[in-house]
Amino acid sequence: MSGAATVNGNHGASQQDDVPLWQFVKQSEFRLPSPVLDVRSIQLGLRGFVRGLLGNRRESESPLEAGADLLALDDARLARLVPSPEWSAVAQALSDHLQPWIEQQNTHKPVLFLVGAPYGGRLETLQALAQSDPFLHVRAPDWRAIVGCDHRWFKSWPRGTGVWVLTQLEKTCLRRPDGLDLVRELLARALSGELGRGIIGCDSWAWAFLRHVWAGRPAFSETVQAFDHARLARLLAPPDEQHRRHHFRQADNGVFVLSPPRSADSLRSSTGFLERLAAYSRGNPGVAAAIWRTALQLLPETGVEPAISETDRRKLDTVWVKPWERVVRPELPADAGMMEAVTLHALLLHDGLPVARLAEMLPRARAQISETLLYLAEAGLVRHCEDDSWRVTAIGYPVVRSFLRVNDYLIDQL
Amino acid sequence: MSGAATVNGNHGASQQDDVPLWQFVKQSEFRLPSPVLDVRSIQLGLRGFVRGLLGNRRESESPLEAGADLLALDDARLARLVPSPEWSAVAQALSDHLQPWIEQQNTHKPVLFLVGAPYGGRLETLQALAQSDPFLHVRAPDWRAIVGCDHRWFKSWPRGTGVWVLTQLEKTCLRRPDGLDLVRELLARALSGELGRGIIGCDSWAWAFLRHVWAGRPAFSETVQAFDHARLARLLAPPDEQHRRHHFRQADNGVFVLSPPRSADSLRSSTGFLERLAAYSRGNPGVAAAIWRTALQLLPETGVEPAISETDRRKLDTVWVKPWERVVRPELPADAGMMEAVTLHALLLHDGLPVARLAEMLPRARAQISETLLYLAEAGLVRHCEDDSWRVTAIGYPVVRSFLRVNDYLIDQL
Amino acid sequence: MDSAERVVSIFRDVSGIAVVQIVAIVVIAWVALLVDQRVLPLLAHRLPARFRLHVLAAIPVVRLLVMIVAAVLVLQRLVDPTLENMVALLGVIGIGLGFALKDYAGSLIAGTVSLYENPYRPGDWISIEGTYGEVKSINLRTVSILTPDDTLVTIPHNTLWNSPVFNSNAGTTNLQCVASFFLKPEHDGQAVRQRLRDVALSSPLVKLSQPVTVVAVETRWGTHYRIRCYPVDPAQQFAFITDLSERGRAALMALGVQFALAAAVAER
Amino acid sequence: MDSAERVVSIFRDVSGIAVVQIVAIVVIAWVALLVDQRVLPLLAHRLPARFRLHVLAAIPVVRLLVMIVAAVLVLQRLVDPTLENMVALLGVIGIGLGFALKDYAGSLIAGTVSLYENPYRPGDWISIEGTYGEVKSINLRTVSILTPDDTLVTIPHNTLWNSPVFNSNAGTTNLQCVASFFLKPEHDGQAVRQRLRDVALSSPLVKLSQPVTVVAVETRWGTHYRIRCYPVDPAQQFAFITDLSERGRAALMALGVQFALAAAVAER
């Protein structure tokens with residue numbers, strides 16, 4: 001378990017680096033990507049400021065024709081260009097990382113916790129892991145079982161020689177006076193070794209809250225290491241299609257944002273975009289990918305033109321990335337106050353909740369909570385999922401987190 | 001009973017000294033090994049400090065090749081090199097020591113107490129004693145009998161002409177409001193002579209606590225005398241194997257830590273290691289042996305080499321002892337507070353407890369107690385034993401004791 | 001020239017004093033004061049409510065101005081306005097003022113001391129002599145407290161010298177709130193304590209970075225439980241206590257414990 | 001040169017006084033004060049809670065600074081800054097201040113006396129005029145006490161002259177706690193007393209090096225038992241009393257004794 005396990009499973013052939021793409025580390029070894037405050041970005045910012053004052057636009061630098069309208073990509077294109085990671089490979093990496101613990105029959109570590117921020121890939125990895133062989137999947141309890149502290153849930157615990165996997169510890173508690181007994185009982189049984197050896201996945205927000213419920217320390221918790229800009233570049237690079245290779249260039253100056261694979265046709269390959277993306281998303285791969293998606297644009301394909309030149313061809317295969325300053329990120333409404341804060345906090349602590357559950361937790365009427373949710377959805381901060389629960393959006397997560405932080409609410413550690 | 005009985009039962013032929021190896025004395029005659037503050041260690045410390053300032057390492061003194069990797073010993077080797085004492089011989093010594101009391105039909109001393117610190121050998125000696133002939137073994141009561149103050153336990157008292165032996169008085173009480181009646185009843189009956197003549201063994205921590213429950217004075221209590229460095233040297237010396245004689249030399253300067261038996265090939269035979277070990281372990285043989293085990297190292301055996309020189313042969317037979325400063329001893333985590341203190345204190349008072357019993361004693365939930373235990377186990381201070389109870393480790397005992405002492409908890413007298 | 005002669009020499013010669021002028025000044029001032037005292041209030045009551053308060057507030061200011069102008073005009077006619085004379089006159093007035101301003105100066109100094117000692121800062125919730133509220137501003141002579149009843153209390157800094165100041169958050173945003181519960185003694189204490197802890201932990205307004213503690217003490221009329229915890233924002237302290245009490249009562253009723261009620265005797 | 005002449009001579013000649021400068025200084029100071037009073041609060045309310053308090057706390061400090069600077073600048077233009085003149089001026093100001101500082105000096109002296117007499121030391125749990133808490137710091141003029149409600153109480157040392165000081169641990173770590181139980185008189189007193197002693201002995205927080213005593217007294221509403229014992233750490237006194245009450249109630253219920261409830265009169 002020392003060091004970090006690796007997976008390079010995004011697509012077959014890619015840059016082989018020393019640093020693995022998905023790193024699993026102890027929570028105490030989690031390191032945020034460094035904030036972007038280098039000389040170059042200050043330089044760029046100053047130049048932009050002076051230009052803004054002088055009023056001259058820098059069309060000259062832009063590789064696009066003036067007035068060329070860039071279009072956002074449709075979902076099918078996006079799915080091809082920004083594929084989601086292959087979770088089974090990530091799960092394999094996690095399994096390799098945990099191998100020493102699985103083999104060593106160490107009785108004083110009956111369970112391991114895998115803590116991860118929302119959209120950080122922790123849930124998908126564990127779901128894939130629970131499907132693979134020596135692992136047994138534990139179903140989350142119904143909310144009625146949580147409120148009633150129904151011990152029958154433990155009766156249905158998977159028996160066998162394997163290691164059980166509970167993917168979502170946050171779904172075993174509800175933040176209400178009668179909703180914390182079950183998780184306490186679960187932790188008591190799991191830590192005493194009564195349930196056998198297992199892996200417990202937990203959202204970082206629920207983890208921060210449960211540490212107060214349970215007074216626990218992050219002794220046995222592992223986490224996914226934050227993605228810095230170099231690893232983000234590998235994560236976001238699309239797989240090569242049959243004959244087309246995509247170039248990702250920044251729309252205002254043509255610089256390659258992801259370095260063009262296997263070619264050296266540009267010396268400038270970094271614009272600071274990925275550094276800022278990594279810092280803004282706190283190295284969270286799901287959040288970074290969601291913002292990346294909104295930043296991509298294409299030239300409109302002007303019908304079927306047979307005699308298309310090679311340069312144009314390349315231009316069409318080029319995906320234009322909005323400059324970081326122009327990437328639209330949601331913002332908290334200016335009048336957001338206590339009600340918005342407690343609603344968002346409750347959603348994060350439980351990794352999504354239906355309105356009926358929210359209404360039992362917050363000291364407000366259900367109509368007011370619904371109204372707040374719609375208001376926040378309007379601002380792009382929450383969305384209504386298929387399972388009838390409301391969740392904070394990936395793209396809105398960074399701003400929600402910093403809003404809760406400045407308002408002194410309990411925030412996660414990742 | 002005047003003076004002290006002796007046993008030299010570690011192994012057949014060894015140094016015959018005036019001082020016996022296992023001494024049994026009245027508790028009032030218990031003497032700690034003198035703390036190490038001699039001129040020599042100050043001298044050594046100063047020399048090391050000056051060398052540290054000047055920056056020159058003293059590789060020259062080390063008898064090992066630079067960069068030679070020393071390995072920790074495996075369990076089989078350890079068992080051969082640091083064997084546990086022969087308890088039957090110690091029990092015989094105790095029996096001899098008690099002979100005057102056994103023979104003299106003194107009615108105003110119906111029972112004797114043998115008090116000993118954890119790992120001090122008191123329990124093993126009494127267990128061996130209870131197996132030998134004129135002694136009858138008393139079984140400890142079930143915890144339900146303690147809580148219910150079940151008098152049927154006295155019904156099952158061994159009858160006969162012999163002297164009964166209750167090995168663990170600490171297992172007849174639980175520190176809860178309903179857990180002290182049985183031990184009070186037991187002491188009342190035993191001291192009135194109702195139960196006949198007997199020997200009661202008691203852990204020193206439980207003894208300190210029971211003195212408050214019972215308001216007793218240490219009138220009839222005997223104990224094992226603390227081991228000073230000279231007796232520790234005899235205790236830790238391994239038995240001679242057929243043709244190999246082991247030398248124990250300090251890794252940094254080659255000085256013999258245990259003086260080489262029947263040879264005078266080194267004038268320097270003391271490094272202060274044993275003095276420090278005796279002082280640190282408060283003369284507790286179990287604790288000293290546990291620390292001694294972690295201090296031993298061997299050169300790796302480089303396969304089967306036929307043409308091995310005599311010097312190399314001797315080097316291989318030499319066990320290298322880490323310098324005292326480099327012996328890894330567990331430490332209390334820096335954030336250890338009230339919860340850790342009460343947990344450790346309860347474990348010491350009862351000489352080990354299962355989690356379920358602990359949870360009934362401490363004002364915290366079971367999950368939190370489990371977590372605290374795992375946290376302390378991670379630090380090497382407690383361990384989970386085969387009988388499902390948690391105990392303070394031998395190697396962690398000194399630091400736990402001093403932690404409880406500085407935090408004003410009730411500590412033992414030994 | 002000794003001091004008595006000098007005091008006399010300040011005044012002009014009697015021949016120089018324009019008695020008629022002085023009398024006229026006094027009479028005009030008296031009429032102006034009369035108008036100020038009688039006419040302005042009448043006027044105020046005819047004006048809409050918005051202006052009324054401003055007009056009423058102007059009355060004492062106008063009175064003070066009239067008096068000062070009259071006094072200066074009279075003095076000008078009595079005293080020769082050389083620099084020496086003015087200085088001496090101001091000195092005499094200064095000593096008189098000094099005595100009169102003793103309390104004012106004391107408050108000013110207390111205000112300065114309060115800036116150094118920081119027993120209250122704007123934004124703190126403090127209690128002085130039984131008045132609890134948020135410090136709105138620290139003025140030269142006084143501290144202004146807004147009570148939960150939305151009453152602005154102006155307390156002179158003077159009180160600092162002899163009264164204790166209770167500061168609930170002391171410059172931080174950590175303000176402890178206490179919710180109390182009174183139960184009949186026959187109940188499972190551990191279960192109640194755990195449940196009350198959960199009540200605090202599950203309040204959406206609780207600040208979890210601060211500790212949550214539940215303490216109990218046996219009283220003559222039952223067991224008194226207290227939840228001690230901190231709201232996220234000190235301004236929400238009353239909403240927070242309300243929320244705790246509400247959840248706590250519901251949770252205790254669900255546990256089936258009985259509340260103890262003291263037979264109260266009204267004091268007033 | 002006698003005193004009156006000196007007072008006059010302190011001031012520069014009228015010609016030397018830059019009236020325009022003085023007016024400008026006053027106007028600038030007034031504008032600065034206005035900005036301080038109006039703009040900073042507005043700014044503060046736009047900032048997150050963490051910064052708000054700091055900005056609000058700066059307002060009176062800024063005001064004091066502006067006033068001092070303005071006063072110094074004006075004086076500089078009024079008075080010739082020779083050493084003699086400054087000493088004379090400071091003397092006059094000093095006498096005025098002396099009267100105002102009477103109470104302050106009294107507290108300072110009481111503070112000095114408290115250091116010698118040691119009625120309270122940092123870390124002691126004391127009660128002065130009904131306020132109970134831990135002494136956090138002893139300052140020049142005041143003693144700061146942190147109550148169990150996490151309220152910082154600043155008490156002037158002055159109170160020492162006329163009020164008793166209750167010190168629960170007096171510089172040691174031995175602080176006696178009392179847990180009370182009220183029982184109906186029909187019970188086996190010896191069994192109850194023994195059980196309550198065991199309750200104290202079996203509390204994990206009890207300091208066993210100090211004595212444990214159980215006393216009982218008959219009152220009009222039942223038998224009042226008190227366990228007197230000491231916690232390991234004075235800071236845990238409330239957790240300790242809670243633990244004793246809880247175990248005690250459970251043990252007494254197991255013994256089958258009945259609790260007495262007084263029809264208490266609510267005090268507040």
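Residue numbers start from 1 in every chain, and the chains themselves are labelled A, B, ... in the order their sequence lines are given, proteins ahead of strands.
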Is A:L410 close to chain C through its backbone or its side chain, or both, or neither, when contacts mean heavy atoms under 4.5 Å? side chain
Expected contact set for residues 142-151 of chain C against chain A at heavy-atom separation under 4.5 Å reads none
C:Y132: which residues meet the ring pair (Phe, Tyr, Trp, His ring centres under 6.0 Å) condition with it, sequence neighbours left out? C:W125
Could you tell me the separation between the CG atom of C:L201 and the CG atom of A:L210, rounded to the nearest 0.5 Å? 10.0 Å
Tell me, which pairs form a salt bridge (Lys or Arg N to Asp or Glu O under 4.0 Å) where one or both residues lie in residues 105-117 of chain C, sequence neighbours left out? C:E117-D:R141
Between chain C and chain A, which N/O donor-acceptor pairs sit under 3.5 Å?
| unit_1 | atom_1 | unit_2 | atom_2 | d |
| --- | --- | --- | --- | --- |
| C:T173 | OG1 | A:D408 | OD2 | 3.1 |
| C:R195 | NH2 | A:D181 | OD2 | 2.7 |
| C:R197 | NH2 | A:H212 | O | 2.8 |
| C:D198 | OD1 | A:R184 | NH2 | 2.5 |
| C:D198 | OD2 | A:R184 | NH1 | 3.1 |
| C:L201 | O | A:R175 | NE | 2.8 |
| C:L201 | O | A:R175 | NH2 | 2.9 |
| C:S203 | O | A:R175 | NH2 | 3.1 |
| C:K207 | NZ | A:D408 | OD2 | 3.3 |
| C:L208 | O | A:H212 | ND1 | 3.3 |
| C:L208 | O | A:H212 | NE2 | 3.4 |
| C:R247 | NH2 | A:M361 | O | 2.3 |

